[in-house]
Protein chains: 2
Amino acid sequence: MTDSKAKPATRAKRTVVARRVTEGPAPSRTTAPAAPGNGVTTAPQRQSRIPTMQDIARASGVSQSTVSRVLTGAPTVVPINPATRERVLEVARQMRYRPNPLARGLRGARTMLLGVIVREITDPFFAGAVDAISSEANRRGYNVVLGHAHGKTDEAIALRAVLETRHCDAILLLGDTSDQPRLLEDLRDTNINVVGLWQGSVPVPGISTVSVDNRAGVAGLLAHLTDLGHKRIAFVGGGFSEGRLLGDIGERRAAFLDLMADAGLPILDNYICEVENNLRGGAASFEALMNLPVPPTAILASTDLLAIGAIHAAGRMNMMVPRDVSIVGFDDLPMAEYTNPALTSVRQPMAEMAAVGVRAAIDIAGPGGAPVVQLLAPSVVVRESSGPPPDSAR
Amino acid sequence: MTDSKAKPATRAKRTVVARRVTEGPAPSRTTAPAAPGNGVTTAPQRQSRIPTMQDIARASGVSQSTVSRVLTGAPTVVPINPATRERVLEVARQMRYRPNPLARGLRGARTMLLGVIVREITDPFFAGAVDAISSEANRRGYNVVLGHAHGKTDEAIALRAVLETRHCDAILLLGDTSDQPRLLEDLRDTNINVVGLWQGSVPVPGISTVSVDNRAGVAGLLAHLTDLGHKRIAFVGGGFSEGRLLGDIGERRAAFLDLMADAGLPILDNYICEVENNLRGGAASFEALMNLPVPPTAILASTDLLAIGAIHAAGRMNMMVPRDVSIVGFDDLPMAEYTNPALTSVRQPMAEMAAVGVRAAIDIAGPGGAPVVQLLAPSVVVRESSGPPPDSAR
DNA sequence: ATGCTGCATGCAAACGATTGAAGCATAGCA
DNA sequence: TGCTATGCTTCAATCGTTTGCATGCAGCAT
């Protein structure tokens with residue numbers, strides 16, 4: 001309808017001059033009608049409604065409740081004649097029966113759905129987390145429903161997402177959501193189980209959480225850097241919300257300040273950068289740090305995303321990593337192994353955290369147990385982006 | 001489990017607290033019993049069950065159907081006394097009523113849920129796609145349900161995921177799923193609308209698809225490389241399934257072969273690499289190519305993931321990009337701008353594709369219209385990873 | 001009074017499944 | 001033959017909503 005002015009850019013000419021415009025609104029939108037324009041004869045009505053248990057029952061000459069018992073396989077309660085069972089199963093298979101989860105859920109049965117509310121799916125870290133959680137959930141017969149909190153989107157949307165969550169048997173919250181109090185509150189009203197992952201280790205009232213030991217991770221990185229001889233170390237931490245640093249990152253920052261003091265190392269002016277948690281932020285903060293009168297010899301980025309941005313900025317400024325400056329990250333994204341140079345980072349026990357989180361969400365039926373905070377230990381992975389400070393800085 | 005023998009680089013000193021439990025009642029992960037050992041008397045029962053319309057009705061002295069009419073705001077059908085309406089609304093608000101989407105859906109109402117089945121959420125490209133789709137869906141009041149096809153996981157799992165899809169008003173398929181015929185077949189039986197994105201432009205029988213014009217993208221890259229003077233160009237294409245190249249990538253490869261022939265450029269032995277579509281595959285194929293007797297002067301990677309892996313391998317082999325070899329990608333991941341050097345790539349009109357796909361899924365109520373294939377035009381983004389071939393190769 | 005018109009509301013039947021209890025053969029036992 | 005035990009199946013209530021239809025009750029014209 002709207003795209004009637006199709007432009008045959010497809011292979012009309014086979015020269016297809018590439019539009020070299022860096023940012024094209026892409027006006028051409030070739031729409032190829034799939035069906036060759038024969039008449040409109042046949043009505044679309046392609047598929048016959050999904051059969052219900054009632055249909056199966058009629059077709060196999062039993063009652064609908066028998067069908068239910070056969071199909072759900074409830075062997076303990078009442079016995080079913082094997083012949084009947086077989087017949088019903090055959091008919092169901094033939095009619096391509098599929099249960100309606102809505103109806104099933106209405107009666108209170110488990111929906112076998114696990115809700116996952118994630119702040120930013122484009123953050124590769126959380127994408128990996130969703131993957132890990134999804135695997136673990138599948139392994140237990142659950143499917144994952146992804147709710148996208150979408151950064152600082154209007155709370156109303158988050159709220160709506162929550163409304164829908166009554167589909168789910170349990171909910172996993174990925175990343176700090178403490179800036180969305182209404183969401184948390186709503187969640188607490190529900191009588192389904194809620195587990196927070198990567199919420200930071202400050203206990204969120206009323207829900208269990210699984211987090212990584214941020215302090216241990218930062219300590220590992222700092223130990224590594226100081227072992228190499230670094231003294232001037234800067235911190236880059238991003239991810240804001242209403243002026244507050246988000247959970248995990250806030251903790252990493254606090255740990256940094258704390259542990260630097262413990263080690264007797266000074267933190268020079270402007271050595272603490274606060275930027276958005278993305279590649280651009282990492283690059284920007286790197287430039288800012290290197291333009292300081294006394295630049296740091298090492299940068300501890302609170303996420304790999306920031307570290308990768310910083311490494312890119314280093315290349316752009318013709319600085320060699322780690323010869324001129326060391327850069328270390330946190331999260332150990334898959335990408336960390338493939339930067340130039342490969343990134344020293346802190347690996348989170350992703351699979352284990354997913355397993356623990358899913359287990360907490362599923363196994364603890366109902367909101368019975370008291371909320372629990374679990375901290376899992378990370379480990380430092382040393383690669384190429386960290387080395388001794390330049391001689392000039394000794 | 002798997003990471004038990006993590007490199008113990010962590011931090012040998014200072015209180016090797018592997019697993020520091022922070023919060024009180026639970027010693028570790030021992031699900032604290034809900035009630036301290038008195039009888040089985042009190043159930044955990046923390047929050048009072050979510051109220052139903054029935055409850056609201058009782059509390060405000062009207063019938064349940066009136067409550068329904070008030071809360072759903074159906075003004076056209078039957079009039080409601082403003083006073084009554086106000087009273088009901090107030091009671092509902094006070095009792096924190098929330099509709100049960102299951103029951104609502106059971107009656108046939110739209111669930112306002114959009115199913116998205118994605119092959120690999122860890123592929124940053126698809127993560128971005130999910131993000132774009134999610135935004136677009138939210139804009140239209142829909143929420144996104146993510147089904148994880150999980151690579152080559154057993155079809156049964158995909159199947160199960162589909163079973164659950166009866167929650168959804170429509171389904172989006174991300175990435176080529178033609179290797180899962182059973183899934184497609186199942187989907188076709190359903191009477192909900194299915195739209196495929198990035199399925200390649202071969203029409204999938206029965207469903208509408210939205211794809212990018214792969215040929216145009218490859219043509220743009222090739223034009224760029226030949227303009228620079230490259231003649232020995234290799235192709236790296238990954239993403240297998242049962243020995244077959246997946247849709248988009250297969251098309252890119254075909255376009256490459258075709259357009260190289262058109263340009264009169266020979267394709268030397270082993271210049272076509274087939275590897276898995278990930279960073280490792282990109283790095284491996286780069287090494288293989290560079291070890292050929294006559295290595296290429298440029299590499300056209302079918303995805304940015306592969307290109308990034310290749311760039312990493314170049315650094316590891318002490319080769320300079322683009323001085324020694326040019327590398328170009330396809331997809332224009334966010335990361336492409338932040339590699340060293342920044343990657344020349346093909347940008348897909350992500351937002352537009354998401355919009356078109358969501359519109360096709362939602363607006364076209366029911367499977368009425370004939371399936372449509374839409375091709376959107378990409379554009380080349382030139383950055384730093386492509387340059388003229390080395391003099392020695394001229 | 002008797003209809004008639006309209007507004008405001010209630011009744012009750014869906015929707016598709018689960019599940020306790022009841023029905024009904026048939027077999028076993030006295 | 002009568003009575004119970006047993007094995008299989010059906011009945012019917014239920015979950016929380018939506019929605020077509022009936023109903024009650026005004027006011028108003030006959």
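The chains referred to below are lettered A, B, ... by the order of the sequence lines, with proteins before strands, and numbering in each begins at 1.
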- request: May I ask you to test the A:Thr52-A:Asn100 pair for a side-chain heavy-atom distance under 4.5 Å?
  value: no
field: Rounded interatomic separation in angstrom, taking CE from B:Met53 and C1' from D:dT19
entry: 12 Å
- request: Please report, rounded to the nearest Å, how far the P atom of C:dC15 is from the CZ atom of A:Arg104.
  value: 19 Å
- request: With sequence neighbours excluded, tell me which residues meet side chain to side chain donor-acceptor pair (under 3.5 Å) with B:Gln54.
  value: none
message: Show the nearest heavy-atom pair for residues B:Ala57 and B:Ser63, with the distance to one decimal.
response: CB-C, 3.7 Å
query: Between B:Gln54 (CD) and D:dG16 (P), how many Å, whole number?
result: 10 Å
message: Less than 4.5 Å apart, side chain to side chain, heavy atoms only: is that true for A:Leu172 and A:Val194?
response: no
message: Quick one, A:Ile133 and A:Leu197 - any side-chain contact, counting heavy atoms below 4.5 Å?
response: yes
Salt bridge (charged side-chain N to carboxylate O under 4.0 Å, His left out) partners of B:Glu86, counting only residues at least two apart: none
Would you tabulate the nitrogen or oxygen pairs shorter than 3.5 Å linking the protein to nucleotides 23-26 of chain D?
none

message: Rounded to the nearest 0.5 Å, what separates atom CD1 in B:Ile121 from atom CZ in B:Phe126?
response: 9.5 Å
query: In terms of the nearest nucleotide of DNA chain C, which residue is placed more toward the 5' end: A:Ala103 or B:Thr84?
result: B:Thr84
field: Difference in axis direction between the ends of the helix from C:dA1-D:dT30 to C:dA30-D:dT1, five pairs, 10°
entry: 80°
task: Taking only the side-chain nitrogens and oxygens of A:Ser68, find out if one of them lies under 4.0 Å from OP1 or OP2 of C:dT19.
output: no
- prompt: Is any side-chain nitrogen or oxygen of A:Tyr97 closer than 4.0 Å to OP1 or OP2 of C:dG16?
  reply: no
Shorter than 3.5 Å, N or O on both sides, protein versus nucleotides 11-13 of chain D: list them out with atom names.
from: D:dC11; atom 1: N4; to: A:Ser65; atom 2: OG; distance (Å): 2.9

message: Between the side chains of A:Arg93 and A:Glu90, is the shortest nitrogen-to-carboxylate-oxygen separation below 4.0 Å, so that they form an ion pair?
response: yes
Rounded distance in Å - CG (A:Leu106) to P (C:dT19): 13 Å
statement: Here the distance between atom P of D:dG16 and atom CG of B:Leu71, to the nearest Å, is 15 Å
task: For B:Arg140, check salt bridge (charged side-chain N to carboxylate O under 4.0 Å, His left out) against everything at least two apart and list the hits.
output: B:Glu136, B:Asp363
task: Check whether any side-chain N or O of A:Asn193 sits under 3.5 Å from a backbone N or O of A:Ala360 as a donor-acceptor pair, and report yes or no.
output: yes
query: Roughly how many Å is it from CG in B:Leu102 to P in C:dT18, rounded to a whole number?
result: 13 Å
- request: Write down the distance between CZ (A:Arg85) and C1' (D:dT10), rounded to a whole number of angstrom.
  value: 17 Å
message: side-chain contact (heavy atoms from CB on, under 4.5 Å) for A:Ile362 and A:Leu114? Distances and angles first, verdict last.
response: CA-CA 8 Å; A:Ile362 293 177; A:Leu114 192 64; 4.3 Å; yes
field: Integer-rounded Å distance: D:dG16 C1' and A:Asn100 CG
entry: 14 Å
